[in-house]
Structures are given as structure tokens and as C-alpha cells.
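Only one structure is covered here, and it is reproduced in the block below.
These values consider heavy atoms only, across backbone and side chains, with no hydrogens, waters or symmetry-generated copies. Whatever order the structure lists ligands and atoms in, that order sets their numbers, starting from 1.
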Amino acid sequence: MSLSTQSLSPNLPPDTQREMLRRMLTIRRFEERASDDYRAGKIYGVVHCYIGEEAVAVGVCSALDRGDRIISTHRGHGHCIAKGADLNRMMAELYGRQTGYCKGKGGSMHIADFGIGMLGANGIVAGGIAIVTGAGLAAQMEGKGGVAVSFFGDGASNAGPFHECLNIAATWKLPMLYVCENNMYAAQTPAAATHALSDVAARAAGYGIPGVVVDGNDIFAVYQAANRAVDRARSGDGPTLIECKTYRWRAHTERRGQPDLRDPAEVEMWKSRDPIAQLEHQLREQGYLDDTELQAVERDIMGAIEAAVTFAEASPFPSPEQATDDVFAA
Ligand SMILES: Cc1ncc(C[n+]2csc(CCOP(=O)(O)OP(=O)(O)O)c2C)c(N)n1
Ligand SMILES: [Mg+2]
């Protein structure tokens, strides 16, 4: 296992770095709006916010090509936006409308867009790991240099699919990245209560693949680790396990009355390590961003989110007759 926590501003064009900031900010503003609208009773089902973890999705997806495939979790908005999903169709799905990605019948945890290689969010903890390992096998068989990425939580790393998939992906040298978003909790349960290792990445050794720990709030650290792992995967050398140490700012879900048993001082400490503020600071230091540019980006994002809400609210709900459309087995 190697440790790579320092922030090295990579040799990336300024526009690429600004685009990373834009995507992270889009995730945050989208979820702030989704959370407000959920509380206002306009959004149904369950909403899990990714706020605080944005550098992981954007850092990893910035190292991918459009055709590379990813899979997400129950906390999936960030991965969708990082891979380039359409905000209108995402918001419409949250609002339960026909124009949503899942025709309004899936909600927050069922957003997929095969056109951009986003194979789906997933309400089954660790369920996505097995699906996307199949996509890794597909990429290997296609022989076009594609890679597949599994995002999952620290809690999911205790489940069977994680171990089975790492084993087979390592053995078959599948072109995969396994990206553990270690936010230190599975719902209310601290990681230390469910596994004895302090680093999930150490588990990689058991399967004969590299395991890397990165500061998941440092987008450049995440990007560099992902980039190395993508090179390795494309070269036919097999998978890498990347553990991103991060933290969610909000409760496990947005459900009213949802307890948050975490120490408020711990939450505040992590908020002071805001991944977006850190990137913003680095861009300003390099002369790549000023107040006027940042305000313009914020205005654009807020405009796009407002437009997405308008689109969602103007769209019809699915009709009762559509309840069984697209159901393949019952
Ligand atoms: C198979 C399965 N077991 C339990 C649950 C209930 N559940 C939903 S999210 C969650 C915690 C997941 O923790 P982690 O993998 O660390 O992801 P995080 O929520 O921290 O992003 C649990 C237990 C579920 N959805 N699926
Ligand atoms: Mg977790």
C-alpha cells in the first residue's frame, strides 16, 4: 500500500482546473436545492447528499474519458454530475416526473445515463460493485482501452461483493478502479465498529493489487491517484483500490427527524477542510480565478439549477398505466 496525501497542483490547463471547480460547485448547489425541495415536500423517496465529498467524484471522473463506465451508490448525485449527466433529467427524476432519467419511477437512487457511461446509482449497498466489475470485463473483451470505475462507501467494503469482485478483477487483470469513499460512517455506525483496519486500502494486498490512500478532500491528490490507476488499467496491468478519506457534511439522509449521532465538533472540523474552498484557494493562488469569474460561475450554476426545477415542475407525473412499463420480471 502506498500513501499519497500531499496536494500537488498537476500540470493541467487552467480551463480544466476551473471546470473541476464548476463541477464540484454544481454538485453542491444541486444538492442544496434538492434538500430544500425535499423538505418542502416536492421531492419523494429518499435523498442522500454527497456534500463534502465532491472532490472524489470530480477528481476521479476528470481522469476518465466519456466512454469509460462508472457505477454509483445510494449517494449518487455527485457521480452523475461529475460524469456529465443532464441536470434537467436528474431534477425531473427527483421530482418523480416522466421526463426524468428513470421516467420518474426511480428517484434519487436510480439515476443512470448509459450515453455518458453512468451505469446507475444503486440502493443496494455494494450492489454496484458487482455490476461494474462486469463492465470492466466487457471493457477488457471490447479491447478498446476502456476502464470501469466502482464508487462505494467504507460500509460497502465489508460486504461480500467487494471481496469477490476484487479477487476476480485482480485475477483477470480487469481494467478497473475501485474507489472507496471512506466518510468514516455507514449510516450511524462508525467504521471502527465494523472493521479492525484503519485503512480500507490495506485490503488490496489480500488480492495482490495496489491499494492507495488519498486525502479525498484534495481534488488534485484524488485526480493524480486516479490518473495513475487509469494508466495502469489501460495498460492491461489490472485494477487499483483507491481509498479517499472524506466526510459527509449532512446527515445520512435528508429524511426529517433523521438522527445524526456524530460529534458536532467533528463535523465542524471537516467543514473547515471544505474541498471546494481548498480548490478555490489554489486556483486563486495560481491566478486562475478571481471574484468576478467565481461570481459568473455561481450565476451560471444557479441559472441551470433553476431551469432544471422549472423543467421538472412543468413535466407530468407518470400515469398509473405506466407503472409496469420497463418491468422485465415480477
Ligand atoms: C444491502 C443493503 N444493506 C443495508 C442497506 C441500508 N443502508 C443504506 S446506506 C447504508 C450505509 C452505507 O454506508 P457506506 O457504504 O459507508 O456509504 P455512505 O452512506 O457512507 O456513503 C446502509 C446500511 C442497504 N441499502 N442495502
Ligand atoms: Mg460511509
Side-chain angles (χ1 to χ4, degrees), residues 24 27-28 30-31 34-35 38 45-61 70-82 106-112 120-133 149-166 177-203 211 213-217 222 241-255 257-263 266-267 269-271 273 275:
M24 288 169 76
I27 295 168
R28 185 160 299 181
F30 180 93
E31 289 199 331
S35 164
Y38 185 83
V46 187
V47 168
H48 302 81
C49 283
Y50 193 65
I51 291 175
E53 306 185 18
E54 298 93 339
V56 178
V58 177
V60 171
C61 289
I70 68 167
I71 213 150
S72 177
T73 65
H74 52 286
R75 200 176 299 291
H77 312 138
H79 309 122
C80 289
I81 292 172
S108 164
M109 287 191 283
H110 299 96
I111 295 179
N122 199 313
I124 309 297
V125 169
I129 305 176
I131 297 170
V132 79
T133 298
V149 180
S150 182
F151 291 100
F152 56 92
D154 46 291
S157 77
N158 298 319
F162 168 85
H163 298 278
E164 295 176 41
C165 290
L166 256 70
L177 275 62
Y178 291 95
V179 179
C180 179
E181 304 179 319
N182 189 347
N183 59 15
M184 298 160 46
Y185 292 86
Q188 311 298 346
T189 309
T194 59
H195 50 256
L197 288 166
S198 57
D199 293 328
V200 170
R203 292 178 160 171
V213 180
V214 295
D215 175 352
N217 283 20
V222 174
L241 172 61
I242 301 173
E243 176 185 5
C244 301
K245 306 278 195 190
T246 187
Y247 201 79
R248 68 173 149 76
W249 286 15
R250 306 182 70 92
H252 174 57
T253 78
E254 295 302 300
R255 195 177 284 143
Q258 169 86 35
D260 189 350
L261 307 178
R262 300 173 306 173
D263 179 354
E266 181 183 276
V267 179
M269 190 283 284
W270 279 91
K271 283 187 176 175
R273 303 192 54 234

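Atom 21 (O) of ligand 1 has its closest protein heavy atom at R75 NE, 2.9 Å. Closest protein heavy atom to atom 16 (O) of ligand 1: G155 N, 2.8 Å. Ranking protein heavy atoms by distance to atom 25 (N) of ligand 1, first place goes to G123 O, 2.8 Å.
With a heavy-atom cut-off of 4.0 Å, V125 touches ligand 1 through backbone and side chain alike. Contacts between Y185 and ligand 1 below 4.0 angstrom, taking non-hydrogen atoms only, involve the backbone exclusively.
Between D154 and ligand 1, an N or O atom pair is found at a separation short of 3.5 Å. For ligand 1, none of its N or O atoms has an N or O atom of E53 under 3.5 Å away.
Checking H252 against R75 by side-chain atom types alone, a donor-acceptor pair falls below 3.5 Å. A side-chain N or O of T133 and one of Y178 form a donor-acceptor pair less than 3.5 Å apart.
The atom of D154 nearest to the Mg ion (ligand 2) is OD1, with the search restricted to N, O or S atoms.
For atom 19 (O) of ligand 1, the nearest non-hydrogen atom from the set E181, R248, H74, M109 belongs to H74. Across the listed options A126, A156, A187, A187 owns the non-hydrogen atom lying nearest to atom 11 (C) of ligand 1.
The backbone N or O of I51 lies less than 3.5 Å from no partner atom in the side chain of E53, so there is not a single donor-acceptor pair.
Close contacts of ligand 1 with N183, meaning ligand atoms under 4.0 Å from a residue heavy atom, involve 18 (P), 20 (O), 21 (O).
We find the OH-OG1 distance between Y50 and T246 to be 7.0 Å, quoted to the nearest 0.5 Å.
A salt bridge links K245 with D199: the distance from a Lys NZ or Arg NE/NH1/NH2 to an Asp or Glu carboxylate oxygen falls below 4.0 Å.
Taking 2.8 Å as the threshold, M184 does not count as a candidate ligand of the Mg ion (ligand 2), since none of its N, O or S atoms lies below it. Inclusion of N183 in the first shell of the Mg ion (ligand 2) is supported: an N, O or S atom falls under 2.8 Å.
Assignment of T73 to the shell around ligand 1 is not supported, since no heavy atom sits closer than 4.0 Å.
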**Message:** Please evaluate residues Y247 and E266 with respect to the criterion side chain to side chain contact (heavy atoms under 4.5 Å, CB included), reporting the C-alpha separation (whole Å), side-chain torsions for both, the decisive distance (0.1 Å), and the verdict.
**Reply:** CA-CA 10 Å; Y247 201 79; E266 181 183 276; 2.6 Å; yes
**Request:** Please report the C-alpha distance between H77 and F30 in whole Å, then the side-chain angles of each, then the deciding distance to 0.1 Å, and finally whether the ring pair (Phe, Tyr, Trp, His ring centres under 6.0 Å) criterion is met.
**Result:** CA-CA 8 Å; H77 312 138; F30 180 93; 5.8 Å; yes
**Item:** Step-by-step side chain to side chain donor-acceptor pair (under 3.5 Å) determination, H79 to E181
**Value:** CA-CA 12 Å; H79 309 122; E181 304 179 319; 2.8 Å; yes
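Cation-pi check for R28 over W249 is met; the charged atom lies under 6.0 angstrom from the ring centroid and within 45 degrees of its normal.
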